[in-house]
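All figures in this text were calculated on a predicted structure; none of them were measured in a lab. Below, each value reflects all heavy atoms present in this structure, side chains not excepted, and no hydrogens, waters or symmetry copies.
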Amino acid sequence: MEDIDAWVWWLIGAAGLGIPLVVTAMPEFGMLAVGAVAGALTAGLGGGVVLQVLVFAAVSVALIAVVRPIAARQRAQMPQLATGIDALKGKQAVVLERIDTSGGRIKLGGEVWSARSLDTGQTYEVGQEVDVVEIEGATAIVM
């Protein structure tokens with residue numbers, strides 16, 4: 001055990017921290033692994049044990065302090081690309097059957113949808129263009 005250089009132990013530690021990174025997908029383990037690689041580099045350049053530990057701690061803390069807030073902001077943002085029914089909101093459609101509060105039909109995105117008017121007294125005639133406000137189940141709410 002004494003024949004193994006300190007830098008090798010640091011690399012073993014980095015690999016050991018990489019395993020839970022892959023298993024749990026917690027990026028903090030990756031940041032600690034990078035800190036361990038920095039400790040191995042310090043040991044390889046001839047730094048003492050205290051310096052190795054200080055470099056490991058400084059690099060790990062710096063990465064966690066800088067990268068974690070950036071990652072948290074990215075996770076909190078809404079997706080840029082709307083898909084599914086969210087992509088249909090705000091689109092224009094053409095009335096195929098007269099629409100009132102009880103129902104009707106529209107052509108939306110190349111498909112025929114059941115639709116009803118958002119406003120209780122409003123009706124839309126065949127051929128008119130309407131805006132999709134909401135999707136409730138398989139019914140488009142239009143205005």
Side-chain angles (χ1 to χ4, degrees), residues 1 4-47 49-143:
M1 288 281 190
I4 299 176
D5 292 332
W7 65 271
V8 175
W9 286 114
W10 281 108
L11 290 180
I12 292 170
L17 288 166
I19 292 169
L21 166 67
V22 173
V23 172
T24 64
M26 290 181 59
E28 291 82 2
F29 284 114
M31 296 173 210
L32 292 172
V34 171
V37 170
L41 185 63
T42 304
L45 293 174
V49 174
V50 173
L51 183 60
Q52 295 170 29
V53 171
L54 287 175
V55 167
F56 165 73
V59 169
S60 298
V61 168
L63 283 172
I64 290 172
V66 171
V67 175
R68 264 186 98 206
I70 294 170
R73 269 195 310 269
Q74 291 296 323
R75 250 183 293 158
Q77 288 181 350
M78 292 295 293
Q80 300 287 341
L81 178 64
T83 59
I85 61 172
D86 291 329
L88 299 175
K89 294 177 188 174
K91 297 281 186 183
Q92 287 194 333
V94 177
V95 177
L96 298 177
E97 290 178 12
R98 184 173 186 269
I99 298 173
D100 54 23
T101 54
S102 62
R105 297 236 182 262
I106 60 171
K107 186 162 194 161
L108 172 63
E111 298 177 342
V112 177
W113 283 73
S114 61
R116 66 179 169 83
S117 173
L118 176 66
D119 300 325
T120 55
Q122 186 70 37
T123 61
Y124 302 98
E125 299 300 325
V126 175
Q128 262 186 292
E129 287 192 357
V130 292
D131 292 320
V132 177
V133 178
E134 187 69 44
I135 303 287
E136 290 181 359
T139 302
I141 311 301
V142 298
M143 63 180 281

side-chain contact (heavy atoms from CB on, under 4.5 Å) between W113 and V132: does it pass, once the steps are laid out?
CA-CA 11 Å; W113 283 73; V132 177; over 6 Å; no
For V94 and Q128, what are the C-alpha separation, side-chain angles and deciding distance, and is it a side-chain contact (heavy atoms from CB on, under 4.5 Å)?
CA-CA 6 Å; V94 177; Q128 262 186 292; over 6 Å; no
Checking Y124 against M143 for the side-chain contact (heavy atoms from CB on, under 4.5 Å) test, could you report, in this order, the C-alpha distance in whole Å, the side-chain angles of both residues, the deciding distance, and whether it holds?
CA-CA 9 Å; Y124 302 98; M143 63 180 281; 3.8 Å; yes
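Annotation for K107: atom NZ does not count as buried by contact number, only 12 or fewer foreign heavy atoms lying within 6.0 Å.
In plain terms, the two heavy atoms of A43 and W10 that are nearest each other are CB-CD1, 4.1 Å. What you find for A38 and V59 is that their closest heavy atoms are CB-CG2, 3.8 Å. Between A115 and I99, the shortest heavy-atom distance links the atoms CB-CD1, 3.9 Å. Nearest heavy-atom pair, V112 versus R105, reported as atom, atom and distance to 0.1 Å: CG1-CD, 3.7 Å. Taking all atoms of both residues into account, the shortest heavy-atom contact from P27 to A25 is CD-O, 3.4 Å. Listed here is the closest heavy atom pair of Q92 and D131: CG-OD1, 3.1 Å.
The distance from atom CZ of R75 to atom CD1 of I70, rounded to the nearest 0.5 Å, is 12.5 Å. Here the CE atom belonging to M31 is positioned 7.5 Å from the CZ atom belonging to R68, to the nearest 0.5 angstrom. The structure places CE of M26 at 9.5 Å from CG of L32, a figure rounded to the nearest 0.5 Å. With values rounded to the nearest 0.5 angstrom, L96 atom CG is found 10.5 Å from L108 atom CG. T24 contributes atom OG1, which lies 11.5 Å from atom CD1 of I19 (distance to the nearest 0.5 angstrom).
Contact annotation: the side chain of R116 approaches that of I141 to within less than 4.5 Å [non-hydrogen atoms, C-beta and beyond].
Looking at D119, I106, V133 one by one, the single match for side-chain contact (heavy atoms from CB on, under 4.5 Å) with V142 turns out to be I106.
Remark: side-chain polar atoms of E28 are not paired, donor with acceptor, to backbone N or O of I64 under 3.5 angstrom. Without hydrogens or angle criteria, D100 side chain to S102 main chain gives a donor-acceptor distance under 3.5 Å. Formation of a donor-acceptor pair under 3.5 Å by the S117 side chain with backbone atoms of Q122 is found in this model.
Side-chain contact of T139 with S114: a donor-acceptor pair under 3.5 Å is present, judged by distance alone.
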